[in-house]
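Inspection log for the structure reproduced underneath, given as structure tokens.
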Amino acid sequence: MFVVGLTGGIGSGKSTVANLFAAHGVPLVDTDLIAHRITAPHGLAMASIAAEFGAAFVAADGSLNRARMRELVFSDDSARRRLEAITHPLIRAETEREQREAQGPYVIVVVPLLVESGTWKNRVNRVLAVDCSVETQISRVMSRNGFSRAQVLAIIARQATREARLAAADDVIDNDNAPLDALEAQVDAQHRAYLSLARLAGA
Ligand code: ADP
């Protein structure tokens, strides 16, 4: 299966763009959803998380105690790495399983941190970045999540820069002040290009 990795900073419009591809019948694999599922009540990662971090990190319903874990990994890099050593291989395996099961001309995997987490780029055929200015990200996330400007900036500071993302991308969707019809037109053109590439790759 031909795999397109869709990425972009917070608020860039990844979900919006992914849904426009889905409207063309392209199957989506969402790594955020998978990450959430494996840490849901009795999810695939939970036994290992309990063994590594202790029962205090497991909520009463068997899911990850997200607030507590967020607090720990925010200030402790080695804890973050231990958590990722559990979750990343599971996310990878589940992503590959969903890709294999997907029905369509090609599949889009939505990976917010594709550029940041080294191995992803080798696991997709094309990297598609959704691009907008930092100011646009800030205003969208402030209104979507009710965050302060400082909160959004702190999240952006932990992500790859706009330049690094553009440098890693094979293809770019410009979603800075793009009206919906302009965004749709870009997705249409990109979709047609991916249909051709997927056909060539399968030939
Ligand atoms: P991401 O998944 O990258 O965090 P979203 O697709 O959720 O980003 O978009 C962030 C917010 O900005 C959402 O509320 C979305 O509706 C809005 N948005 C995205 N693209 C546009 C656009 N071109 N014009 C206006 N609002 C947009």
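In this chain, residues are counted from 1 in sequence order. All figures in this text were calculated on a predicted structure; none of them were measured in a lab. As the structure lists them, so they are numbered: ligands from 1, and atoms in each ligand from 1. These values consider heavy atoms only, across backbone and side chains, with no hydrogens, waters or symmetry-generated copies.
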Atom indices of ligand 1, in the order listed, that fall short of 4.0 Å to a heavy atom of Thr16: 5 (P), 6 (O), 9 (O), 15 (C), 19 (C)
Residue-ligand contact Ser12/ligand 1, heavy atom below 4.0 Å: yes
Per-atom contacts, ligand 1 versus Ala178 - under 4.0 Å to a heavy atom: 22 (C), 23 (N), 24 (N)
Shortest protein heavy-atom distance from atom 26 (N) of ligand 1, along with the residue and atom involved: Arg140 NE, 4.2 Å
Salt bridge Arg80-Glu84, side-chain N to carboxylate O under 4.0 Å: yes
Heteroatom distance test (Leu183, ligand 1): nitrogen or oxygen, under 3.5 angstrom: no
Part of Lys14 within contact of ligand 1 (heavy atoms, under 4.0 Å): both
Ser63 side-chain N/O to Thr39 backbone N/O, donor-acceptor pair under 3.5 Å: no
Audit row: Thr136, Arg140, side-chain hydrogen bond (donor to acceptor under 3.5 Å, both in side chains) steps and yes/no: CA-CA 6 Å; Thr136 301; Arg140 284 188 189 146; 5.6 Å; no
Close-contact set for ligand 1 against Gly9 heavy atoms, below 4.0 Å: 3 (O)
Asn65 (side chain) donor-acceptor with Ala59 (main chain) under 3.5 angstrom: no
Leu180 and ligand 1 - part of the residue with a heavy-atom distance under 4.0 Å: neither
Atoms in ligand 1 flagged as close to Gly13, the criterion being non-hydrogen separation under 4.0 Å: 1 (P), 3 (O), 5 (P), 6 (O), 8 (O), 9 (O)
Shortest protein contact, atom 7 (O) of ligand 1 (heavy atom only): Arg144 NH1, 2.8 Å
